[in-house]
Amino acid sequence: MRTPHGAKRMALTPSGRPAIAAEAFLRALADHGVDYFFCNTGTDFPPIVEAFARAKKTNAKVPRPILVPHENLAVGMAHGAYLMSGKPQAVMVHTTVGTANTLNNLINLSRDRVPLLLAAGRTPITEKGAFGSRNRPIQWGQEMFDQAGMLRELVKWDYELRMPAQAGDMVARGVEVAMAHPRGPVYLMLPREPLAAALTEPIAPIKPRAQAAPVYADPRSIATLAEWIERGSA
């Protein structure tokens with residue numbers, strides 16, 4: 001089939017279907033050492049479910065999905081996984097209400113400097129005309145002017161996926177920020193339309209960005225403190 005002049009070609013998978021942004025999102029997580037995908041699902045998850053189904057057929061490397069019955073528990077499980085492994089963790093929840101349910105434990109992760117990529121769907125942007133447009137009345141009830149506002153004081157960075165081709169770079173930037181010292185959580189919003197949209201380029205492995213070196217105390221200041229302690233004990 002010929003592509004019309006000026007039109008973009010789709011990045012086809014071995015099955016002949018176009019790759020979607022959700023696949024790039026999951027693969028980028030795996031490329032950055034994320035082993036588990038803790039989640040509590042909702043109407044924003046169909047592209048994620050599709051991406052996991054495709055990965056199972058193609059044997060693509062993606063995190064292991066772990067369905068958790070409550071968002072607060074999912075964040076707590078990610079906290080424990082980080083303490084055991086030292087690797088960045090990922091949790092995805094359902095839009096505004098799922099985000100709200102993470103807040104208690106997210107405070108713990110923020111204060112304990114845990115590098116978590118907390119992702120949440122965003123209620124669809126469009127009424128019609130796009131794959132993934134609104135199809136439930138509840139999606140109006142889940143609309144917020146500033147969804148990230150409820151947790152912005154608890155995260156190092158927040159961002160909303162706007163174009164499907166951004167999915168991999170968004171993860172790379174999120175991990176870079178989360179792992180930079182002092183470590184801490186970041187928040188990613190994933191509207192259904194761009195997450196479900198087809199890609200025009202094949203999904204390529206993403207090389208993790210260089211991490212900033214840990215910040216160490218000034219040796220001269222340590223020597224001064226030691227001198228003060230010695231004087232005080234004399």
Side-chain angles (χ1 to χ4, degrees), residues 13-15 17-102 105-106 109 114-124 131-132 142 159 161 164 166-172 174-175 178-179 185-199 203-206 208:
T13 63
S15 66
R17 295 178 298 183
I20 61 174
E23 293 178 84
F25 173 69
L26 294 180
R27 293 196 201 180
L29 289 175
D31 288 340
H32 286 81
V34 176
D35 296 322
Y36 305 104
F37 188 78
F38 302 100
C39 56
N40 186 279
T41 63
T43 56
D44 39 5
F45 272 75
I48 296 293
V49 174
E50 175 70 15
F52 273 118
R54 294 186 182 190
K56 187 174 182 179
K57 290 184 178 181
T58 62
N59 204 31
K61 185 180 178 182
V62 295
R64 177 184 174 186
I66 299 180
L67 186 63
V68 186
H70 195 278
E71 297 87 351
N72 218 359
L73 175 59
V75 174
M77 292 172 70
H79 193 164
Y82 168 70
L83 294 178
M84 292 295 293
S85 68
K87 294 182 178 181
Q89 302 297 317
V91 171
M92 185 170 174
V93 297
H94 175 52
T95 66
T96 54
V97 288
T99 300
N101 277 342
T102 69
N105 261 338
L106 188 65
L109 270 70
V114 176
L116 171 71
L117 273 71
L118 175 60
R122 186 207 182 281
T123 185
F131 189 69
Q142 293 164 347
Y159 191 75
L161 179 67
Q166 291 179 302
D169 290 329
M170 178 186 66
V171 170
V175 173
M179 292 294 285
V186 300
Y187 184 57
L188 309 176
M189 288 172 288
L190 309 175
R192 198 165 65 178
E193 295 97 326
L195 193 62
L199 300 174
I203 300 173
I206 295 181

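None of the values given here were measured: they were computed from a predicted structure. The first residue of the sequence shown is numbered 1, and numbering continues consecutively from there.
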Side-chain contact, heavy-atom cut-off 4.5 Å: M189 with Y187?
yes
Backbone N or O of N72 within a donor-acceptor pair of the N101 side chain at under 3.5 Å?
no
Work out which heavy atom in A204 is nearest to a heavy atom in D31; give both atom names and the distance.
O-OD2, 4.5 Å
Can you check whether Q89 reaches V34 side chain to side chain, under 4.5 Å on heavy atoms?
no
Nearest heavy-atom approach of I20 to P47 is CD1-O, 3.8 Å
Residues R17, E50: salt bridge by 4.0 Å N-O rule
yes
Roughly how far apart are L118 CG and N105 CG, rounded to 0.5 Å?
11.5 Å
How many angstroms lie between atom OG1 of T99 and atom CZ of R122, to the nearest 0.5 angstrom?
11.5 Å
Assess whether side chain to side chain contact (heavy atoms under 4.5 Å, CB included) is satisfied between L67 and C39, documenting all intermediate values.
CA-CA 5 Å; L67 186 63; C39 56; 4.3 Å; yes
Please name the pair of heavy atoms, one in L117 and one in L188, separated by the smallest distance, quoted to 0.1 Å.
CD2-CD1, 4.0 Å
So that I can tick it off, tell me whether K87 and D35 are bridged by a salt bridge, with the cut-off set at under 4.0 angstrom between side-chain N and carboxylate O.
yes
Does R64 reach the main-chain N or O of F38 with its side chain, forming a donor-acceptor pair under 3.5 Å?
no
Roughly how far, to the nearest 0.5 Å, is OG1 of T102 from CD of E71?
7.5 Å
Could you report the tightest heavy-atom contact between A119 and L190, atom names first, then the distance?
CB-CD1, 4.0 Å
Is there side-chain contact between F52 and L26, with at least one heavy-atom pair below 4.5 Å?
yes
More than 12 non-hydrogen atoms from neighbouring residues, nucleotides or ligands closer than 6.0 Å to CZ on F45, yes or no?
yes
For H32 versus A172, what's the shortest heavy-atom pair and its separation?
NE2-CA, 3.5 Å
Rounded to the nearest 0.5 Å, what separates atom CG in L73 from atom NE2 in H79?
13.5 Å
Pairwise side-chain contact, T43 with H94, heavy-atom cut-off 4.5 Å (strictly under)
yes
Less than 4.5 Å apart, any side-chain heavy atom of V91 and any of L116?
yes
Side chains of R27 and K61: closer than 4.5 Å at any heavy-atom pair?
no
Is a donor on one side and an acceptor on the other found under 3.5 Å between the side chain of D44 and the backbone of P191?
no
For A167 and A24 the tightest heavy-atom approach is CB-CB, 4.2 Å
Return the CE to CG distance between M92 and L29, rounded to the nearest 0.5 Å.
10.5 Å
Nearest 0.5 Å please: distance from the CG atom of L195 over to the CZ atom of F25.
7.5 Å
